[in-house]
*Asks:* 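Sharing a structure, written as C-alpha cells. Questions coming.
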Number of protein chains: 2
Amino acid sequence: MITLFIAEDQRMLLGALGSLLDLEPDMKVIGQAMNGEEALASILELSPDVCLMDIEMPLLNGLEVAEELVKRSAASKVIILTTFARPGYFERAVKIGVHGYLLKDGEIDDLAGAIRKVMAGKRVFSPELAIDVIREENPLTLKEQEILRLAALGKTTKEITAELYLSSGTVRNYISEIIHKLGAKNRTEAAAIAQQKGWL
Amino acid sequence: MITLFIAEDQRMLLGALGSLLDLEPDMKVIGQAMNGEEALASILELSPDVCLMDIEMPLLNGLEVAEELVKRSAASKVIILTTFARPGYFERAVKIGVHGYLLKDGEIDDLAGAIRKVMAGKRVFSPELAIDVIREENPLTLKEQEILRLAALGKTTKEITAELYLSSGTVRNYISEIIHKLGAKNRTEAAAIAQQKGWL
DNA sequence: AATATCAGGTGACATTTGTCATTTCTTCCG
DNA sequence: CGGAAGAAATGACAAATGTCACCTGATATT
C-alpha cells in the first residue's frame, strides 16, 4: 500500500485528486494540506511514501518545502505538480532532487502510474519540460534576486537599503547590473522579465 | 440520469472532475472541452442537462459561451466554476442568468449536490461571494488600466505615449492618478497592487 | 609577498518619474 | 443657453533612477 500526502492550495483540485487516488486499490491518501507550512509539518509527522506538491502555495512554496524535507533527510519522495513550466522552477526542483515534476496540464490517468514509477525508484518528468526554452538558467546572483524581489513590490531604493543594510549607491549599482543582465530598460521591466521566467 | 458537460482548460482538473462526477450513480458526463468554442459547439449538439463552465478559457471565455447559449435559448443549465471571484465576473454572470456560480476553492463534495439542486430548479452560489472584500471594485478607469498594464511590463512613459497617442505629460498625469487611487508610492508598486487584486 | 577577486561604497551626471496648478476643448445635461 | 464634467495638454519643480568610473578592504590564489 502506497501512502500519499497531497499539498495543493486549490481546494477543489485537492479534493478531487484525493478522492480519485484513494480509489486506486494500492494507494491511500493519509494527509492533505493547503499551504506550505502545514504541509511541511504534516509530512514530517506522517512520513508518507510520496508527496504530491503544488509550487505556488501560501506561507511556504512547494520547492521550499521539498528543500526542507531533503535537509532534514525525510524519507518521503516528492513529486512536484504544478501549472507552471517556468524555467527557474524546474531547474531548482531538479537541483533539490525531487523525484518527479508533472504539469497540471497532463492527464490524471497518468498520475497513478507516475506515482508507482516513483515508488519503484524511477523519476518522472512531464515531456514538455524537455524543451530548451524552459532550461534557461537564472543569471542573477542570490543578492541580486533578493534586491529584485523587493524592487518588484515597488519598494524604493531607500526602502531596500533599510531592509538589506546596504548603501543607496550599492543598491543602485546592483539594480543597474540586474537591468543589464536581463536586457531590461528599467527595474520594472526587469521584474516583469524575471517573474515571467520564474527567476524570482 | 443527469447528463453533464464540463468545460475547463486545465486538463488535470477537467479529468479529475469528469471521473469523479461519473462515479455518481445519477450522473453521466457526456462531453468535455478545453476551450470555449469547442464547448459551445458541443453543448449545442449534445444538449446536456447541466454544463460546468470555467471562465478563463482560450478562444471564448465561459461567460461568453453562457451568453451565447442563452441567446440561442439552449435548454442546458450553466454552472460557472472558476478560480477567482473577480467582482466583474460575478456581476456579469448574474446578469446573464446562469444557474450557479461556484469557486474552485470550494469542496468537491458539494459539487454533486449543487448540480442536483440546479436540476431541481434552484440556483447555487458560493457563500464567499457574499463577502464584501470580493466585491471591492476596480477603481481604475479603462484608460488607466490600459496605461498601468503597459507600465507593469516596464514600458517607459515615452513608450506608452507612442502606443496610446498621448503626450508624455498626460501619461504622467494618469500614472500619478493611478498611484494615488491605489495608495501606492510609485508605478511599480501600483502594478504589484493591481495585479494582486486581479485588476489588471 | 604579490595579485586577483569580490562585496560594498562614493560621487557626479543625465534622465525619468511623480506632483500640481492651470488651460483648452468637447460633450452632455437641465 | 450656461455650466458641469471629462479628456488631454503644459510647464515647472523636486525627487528618484540608471550609468559609470573609480575607491576600499577583505579573502583567496599563486
Side-chain angles (χ1 to χ4, degrees), chain A residues 64 67 88 91-92 95 136-200, chain B residues 87-88 91-92 136-200:
Chain A
E64 290 168 331
E67 203 162 16
E91 255 256 325
R92 212 174 135 204
K95 266 189 199 139
E136 252 183 286
E137 276 221 27
N138 189 340
L140 303 179
T141 67
L142 276 180
K143 190 134 260 153
E144 285 166 350
Q145 286 173 49
E146 202 173 1
I147 287 173
L148 186 54
R149 217 173 290 128
L150 295 173
L153 296 173
K155 306 242 184 192
T156 62
T157 300
K158 212 199 297 177
E159 289 173 316
I160 296 174
T161 65
E163 257 178 86
L164 302 185
Y165 305 104
L166 293 173
S167 86
S168 83
T170 304
V171 170
R172 284 192 291 140
N173 284 341
Y174 273 117
I175 290 189
S176 189
E177 180 63 16
I178 291 168
I179 288 170
H180 185 238
K181 277 189 182 176
L182 300 185
K185 76 180 91 46
N186 56 48
R187 52 176 77 193
T188 309
E189 194 186 18
I193 291 172
Q195 228 136 24
Q196 185 249 315
K197 298 255 190 185
W199 289 338
L200 255 185
Chain B
E91 212 179 315
R92 208 173 137 205
E136 235 185 300
E137 282 223 15
N138 188 338
L140 304 179
T141 66
L142 277 179
K143 188 137 262 154
E144 285 166 350
Q145 287 173 48
E146 202 173 0
I147 287 174
L148 185 53
R149 216 172 294 128
L150 295 173
L153 297 174
K155 306 242 183 189
T156 63
T157 300
K158 212 200 295 177
E159 289 172 317
I160 296 174
T161 64
E163 254 176 90
L164 303 184
Y165 305 105
L166 295 173
S167 87
S168 85
T170 304
V171 169
R172 283 194 288 144
N173 284 340
Y174 272 117
I175 289 188
S176 187
E177 180 63 16
I178 291 168
I179 288 170
H180 186 237
K181 278 188 182 176
L182 300 185
K185 75 180 97 42
N186 55 49
R187 52 177 76 192
T188 310
E189 194 186 17
I193 291 172
Q195 230 137 22
Q196 185 248 316
K197 297 252 189 187
W199 288 338
L200 255 187

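A, B, ... follow the sequence lines: proteins, then strands. Residue 1 opens every chain.
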*Asks:* Reading DNA chain D 5' to 3', what string of ( ), [ ], | and . shows its pairs, if Watson-Crick and G-U wobble pairs count only when both distances fall under 3.5 Å?
*Replies:* ||||||||||||||||||||||||||||||
*Asks:* Does the side chain of A:Leu164 come within less than 4.5 Å of A:Thr170's, by heavy atoms?
*Replies:* no
*Asks:* So A:Leu182 and A:Leu148, do their side chains get closer than 4.5 Å, heavy atoms only?
*Replies:* yes
*Asks:* Out of C:dT10, C:dG8, C:dT17, which nucleotide sits closest to the side chain of B:Arg187?
*Replies:* C:dT17
*Asks:* Could you check A:Arg92 against A:Glu64 for side chain to side chain contact (heavy atoms under 4.5 Å, CB included), going step by step and ending with a plain yes or no?
*Replies:* CA-CA 10 Å; A:Arg92 212 174 135 204; A:Glu64 290 168 331; 3.7 Å; yes
*Asks:* Taking side chain as C-beta onward, heavy atoms only, is A:Glu146 less than 4.5 Å from A:Glu163?
*Replies:* no
*Asks:* So where does chain A start and stop touching DNA chain D, 5' to 3', when the test is distance under 4.0 Å to a non-hydrogen atom?
*Replies:* D:dT17 to D:dC20
*Asks:* Could you state the CD-P distance from A:Glu189 to C:dT15, rounded to the nearest angstrom?
*Replies:* 20 Å
*Asks:* Is any side-chain N or O of B:Thr157 closer than 4.0 Å to OP1 or OP2 of C:dT17?
*Replies:* yes
*Asks:* State, with a plain yes or no, whether a side-chain heavy atom of B:Tyr174 is found less than 4.5 Å away from one of B:Leu166.
*Replies:* yes
*Asks:* Would you mind reporting whether B:Ile147 and B:Ile175 have side-chain heavy atoms less than 4.5 Å apart?
*Replies:* yes
*Asks:* So A:Thr157 and A:Arg187, side chain to side chain contact (heavy atoms under 4.5 Å, CB included) or not? Walk me through it.
*Replies:* CA-CA 11 Å; A:Thr157 300; A:Arg187 52 176 77 193; 2.9 Å; yes
*Asks:* CG of B:Leu182 versus C1' of C:dG18: gap in Å, rounded?
*Replies:* 15 Å
*Asks:* Could you check how far CD1 of B:Ile147 sits from P of C:dG18, rounded to whole Å?
*Replies:* 12 Å
*Asks:* Check the surroundings of atom NZ in A:Lys185: do more than 12 heavy atoms from other residues, nucleotides or ligands lie under 6.0 Å from it?
*Replies:* yes
*Asks:* Which heavy atom of B:Ala190 sits nearest to which heavy atom of B:Ala184, and what is that distance?
*Replies:* N-CB, 3.5 Å
*Asks:* Side-chain contact test, heavy atoms from C-beta onward, threshold under 4.5 Å: evaluate it for A:Ile178 versus A:Lys181 and give yes or no.
*Replies:* no
*Asks:* Could you list by number each residue of residues 169-178 of chain A showing a heavy-atom separation from DNA chain D of less than 4.0 Å, or answer none if no residue does?
*Replies:* A:Arg172, A:Asn173, A:Ile175, A:Ser176
*Asks:* Indicate yes or no: at least one non-hydrogen side-chain atom of B:Ile193 is less than 4.5 angstrom from one of B:Glu189.
*Replies:* yes
*Asks:* A:Lys185 has an atom NZ; how far is it from atom P of C:dT15, in whole Å?
*Replies:* 18 Å
